[in-house]
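Here is how names work: the chains are called A, B, and so on, in the same order as the sequence lines, proteins then strands, and each is numbered from 1. Fair warning: this is a prediction, and the values are worked out from it, not measured in the lab.
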Amino acid sequence: MRIHNNNLNLRQIAESGQCFRMNPIAENSYGLVAFDSYIELEQVEEDLIEINCSDNDYISIWKEYFDLDYDYGSIVDSLKEGSDEFLREAAIYGSGIRILRQEPFEMLISFIISQNKNIPSIKACIERICQGYGKKLIDDKTGKTYYTFPTAEKLANAKQDDLRALKLGYRDEYIIGAARRVLNGEIDFDYLKTCSHEEAVETLKKIRGIGDKVANCISLFGLHHIEAFPIDIWMKRVLSDIYDNKFDPGRYQGYAGIVQQYMFYYIRYINGVKS
DNA sequence: TGCCAGGAAGCCG
DNA sequence: CGGCTTCATGGC
């Protein structure tokens, strides 16, 4: 299955810090586990992607997953023509980033794990939790073995000592507590997708282990409230060092989360962060 | 060895 | 409310 799109770059998406299970397998190629599937993708040309999936799976799964009905090009273009120099450069540098429509529960747990960790460490923790509590599957097309992300039920019934053995640190009790709230219906992702971003954040922050930053990440990457604006250590540097704490996300009302991703990706590049 | 990582909770003033 | 400390863990 081939996709032409001017704003779809696998490397940029894989390194943008929004997803943790999309990893390089060869030059310009990536393997990705999402839902119950494993797929491999190749960046054939700057505007051409090859996915090893059927037309049916593309239409029913991956087209939405990669948010391919949304016009990122017009946002990039408007930023390129804007007066904000940093955002001009950031939008050009990250013009192939898209906000993936990932599974809410996976984002909930992943970003609880993410606190006070770097991205390679987050990925390692998530792989261990998938191997310990996910389903072991074998991909028909490649023969590769992979593990799905665990269900809420699995993690709600996990023992804290077992999770501690996966080197999740103090976050283990947060994970169990959050999974229980999903399992018993206190957290309803279908509702949180339809309600406002602000209400979703306030609801998520009631979970122990979720503060403002993690709640915004879940809202942005798991609920697709693209007006979310997560502020982590890197964004704090952008807002203070580049903007002297005078940046107003309200200027990009309705899609500030996309702007945030360009900023996050670019500031890390400027600072020479690998992966 | 100390510092940092897509932070949050507890405590104190 | 704002600032300080602590919390597991790994990498440099």
Distance, rounded to the nearest Å, where Lys167(A) contributes NZ and dG11(C) contributes P
11 Å
Looking at Glu186(A), Arg180(A), Arg181(A), which one forms a side-chain hydrogen bond (donor to acceptor under 3.5 Å, both in side chains) with Asn184(A)?
Glu186(A)
Say you pick atom P in dC4(C) and the same atom in dG6(B); how far apart are they, in whole Å?
23 Å
Residue Val214(A), side-chain heavy atoms: nucleotide from dG6(B), dA8(B), dC4(B) that is nearest:
dA8(B)
Does Trp234(A) lie flat on the base of dG6(B), that is, centres under 5.5 Å apart and planes under 30° off?
no
Asp161(A) CG - dA8(C) P separation (whole Å)
13 Å
At 4.0 Å (heavy atoms only), tell me whether Asp172(A) reaches a base, stays on the sugar-phosphate, or touches nothing.
nothing
Taking only the side-chain nitrogens and oxygens of Arg171(A), find out if one of them lies under 4.0 Å from OP1 or OP2 of dA8(C).
no
Under 30°, 30 to 60°, or over 60°: which ring-plane class applies to Tyr93(A) and Tyr269(A), parallel, tilted or perpendicular?
parallel
Taking CG from Leu168(A) and P from dG7(B), how many angstroms apart are they, rounded to a whole number?
16 Å
How many whole angstroms separate atom CD of Glu127(A) from atom P of dG10(C)?
16 Å
Taking any heavy-atom pair under 4.0 Å as a contact, classify Ser110(A): base, sugar-phosphate, or nothing.
nothing
If you take atom types as modelled and just measure distance, does the side chain of Tyr265(A) reach the base of dG6(B) with a donor-acceptor pair under 3.5 Å?
no
Looking at dA8(C), does its base get a donor-acceptor pair with the side chain of Asn116(A) below 3.5 Å?
yes
For Phe20(A), report the nucleic acid contact type (base, sugar-phosphate, nothing); a contact means any heavy atom under 4.0 Å.
nothing
Separation of dG6(B) atom P from Gln102(A) atom CD, nearest Å, is 16 Å
Is His224(A) close to Lys193(A) at the side-chain level, that is, under 4.5 Å between some pair of heavy atoms?
no
Side chain proximity check, Glu15(A) to Arg268(A), heavy atoms < 4.5 angstrom:
no
Say we look at dA9(B) and dG10(C): how far apart would their C1' atoms be, to the nearest angstrom?
22 Å
Using a cut-off of under 3.5 Å, enumerate the N/O to N/O pairs linking the protein to nucleotides 9-13 of chain B.
unit_1  : atom_1 : unit_2    : atom_2 : d
dA9(B)  : OP1    : Gly209(A) : N      : 3.1
dA9(B)  : O3'    : Arg208(A) : NH1    : 3.0
dG10(B) : OP1    : Arg208(A) : NH1    : 2.9

In terms of side-chain heavy atoms of Tyr170(A), which of dG6(B), dC7(C), dT9(C) is nearest?
dC7(C)
Length of the line joining Ile122(A):CD1 and dA8(C):P, which is rounded to integer Å:
18 Å
Classify Glu173(A) by what it touches in the nucleic acid, base, sugar-phosphate, or nothing, heavy-atom distance under 4.0 Å.
nothing
Between NZ of Lys236(A) and C1' of dG7(B) the distance, given in whole Å, is 8 Å
Do Leu168(A) and Ile175(A) touch side chain to side chain, with heavy atoms closer than 4.5 Å?
yes
Ring centres under 6.0 Å, that's the criterion: do Tyr70(A) and Tyr72(A) meet it?
yes
Across the strands shown, which category fits Ser121(A) at heavy-atom distances under 4.0 angstrom: base, sugar-phosphate, nothing?
nothing
Relative to each other, are the rings of Tyr174(A) and Tyr170(A) parallel, tilted or perpendicular (30° and 60° limits)?
perpendicular
Is a salt bridge present between Asp172(A) and Arg164(A), judged by a nitrogen-to-oxygen distance below 4.0 Å?
yes
Tell me the interatomic distance from Ile175(A), atom CD1, to dG7(B), atom C1', rounded to whole angstroms.
14 Å
